[in-house]
Amino acid sequence: MGRPAWCRECRHEIAWATLIPSGKAVPLDVSPDPELGIYHRRFITDSTGRRTSTVVQLSGHDLTEARDRARRYPADRESRLWVPHFATCSARRPHPTETTR
Ligand SMILES: [Zn+2]
């Protein structure tokens with residue numbers, strides 16, 4: 001895992017990951033969520049032993065299947081779905097599902 005990080009807007013803890021294949025850095029919520037998550041996460045170790053957190057975005061049918069798997073096997077780390085912090089950041093805009101929880 002990388003160094004601890006916090007969202008500058010809402011002060012919520014976040015984790016940085018590298019989006020594959022674009023290489024863009026994306027902030028993630030620190031807890032996976034099978035309903036809101038859109039990313040599969042992998043840790044890649046390079047030749048110097050450095051671990052990088054990477055994510056791949058899922059969509060369409062792949063995302064539907066991944067959600068199903070994440071709900072059924074919450075203990076399976078590989079199946080977890082990670083949420084882009086943009087989706088839940090309270091400082092940006094209130095999430096529509098937040099009030100119904
Ligand atoms: Zn935030």
Side-chain angles (χ1 to χ4, degrees):
M1 296 287 268
R3 64 208 142 69
W6 287 268
C7 174
R8 257 186 257 161
E9 310 289 332
C10 71
R11 306 272 155 201
H12 201 279
E13 191 178 357
I14 54 168
W16 288 99
T18 303
L19 184 63
I20 301 292
S22 75
K24 213 175 108 183
V26 288
L28 306 178
D29 280 2
V30 288
S31 311
D33 187 314
E35 313 304 325
L36 296 173
I38 58 166
Y39 296 133
H40 266 163
R41 194 178 190 190
R42 298 273 182 276
F43 289 95
I44 292 174
T45 307
D46 70 15
S47 52
T48 65
R50 218 181 90 123
R51 259 164 48 108
T52 307
S53 166
T54 68
V55 288
V56 175
Q57 187 169 343
L58 303 169
S59 60
H61 183 65
D62 288 346
L63 182 56
T64 308
E65 284 203 328
R67 288 222 156 114
D68 194 46
R69 221 178 307 135
R71 285 188 203 108
R72 274 196 233 191
Y73 309 108
D76 179 5
R77 297 177 141 264
E78 299 276 299
S79 295
R80 286 177 182 167
L81 283 171
W82 297 84
V83 186
H85 180 64
F86 310 122
T88 62
C89 185
S90 57
R92 291 188 186 234
R93 64 190 124 88
H95 195 276
T97 62
E98 221 161 58
T99 51
T100 62
R101 278 189 184 170

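Values reported hereafter were calculated over all heavy atoms of this structure, with side chains retained and with hydrogens, waters and symmetry mates removed. Both counts, for ligands and for their atoms, begin at 1 and track the order of listing.
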Nearest 0.5 Å, please: how far is [atom2] in [Y] from [atom1] in [X]?
X	Y	atom1	atom2	value
Arg41	Ser53	CZ	OG	3.5 Å
Arg69	His40	CZ	NE2	5.5 Å
Asp33	Arg71	CG	CZ	9.5 Å
His85	Glu13	NE2	CD	11.0 Å

- Cluster companions of Leu28 among Ile, Leu, Val, Met, Phe, Trp, Tyr (side-chain spacing under 4.5 Å):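 Its cluster partners, ordered by chain and number, are Leu19, Val26, Ile38, Tyr39, Val55, Leu58, Leu63, Leu81, Trp82.
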- Task: Without swapping roles, check the side chain of Arg67 against the backbone of Glu35 for a donor-acceptor pair under 3.5 Å.
- Result: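 Yes; at least one donor-acceptor contact below 3.5 Å.
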- Which atoms of the protein, restricted to N, O or S, are nearer than 2.8 Å to the Zn ion (ligand 1)?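 Near the Zn ion (ligand 1), below 2.8 Å, one finds Cys7 SG, Cys10 SG, His85 NE2, Cys89 SG.
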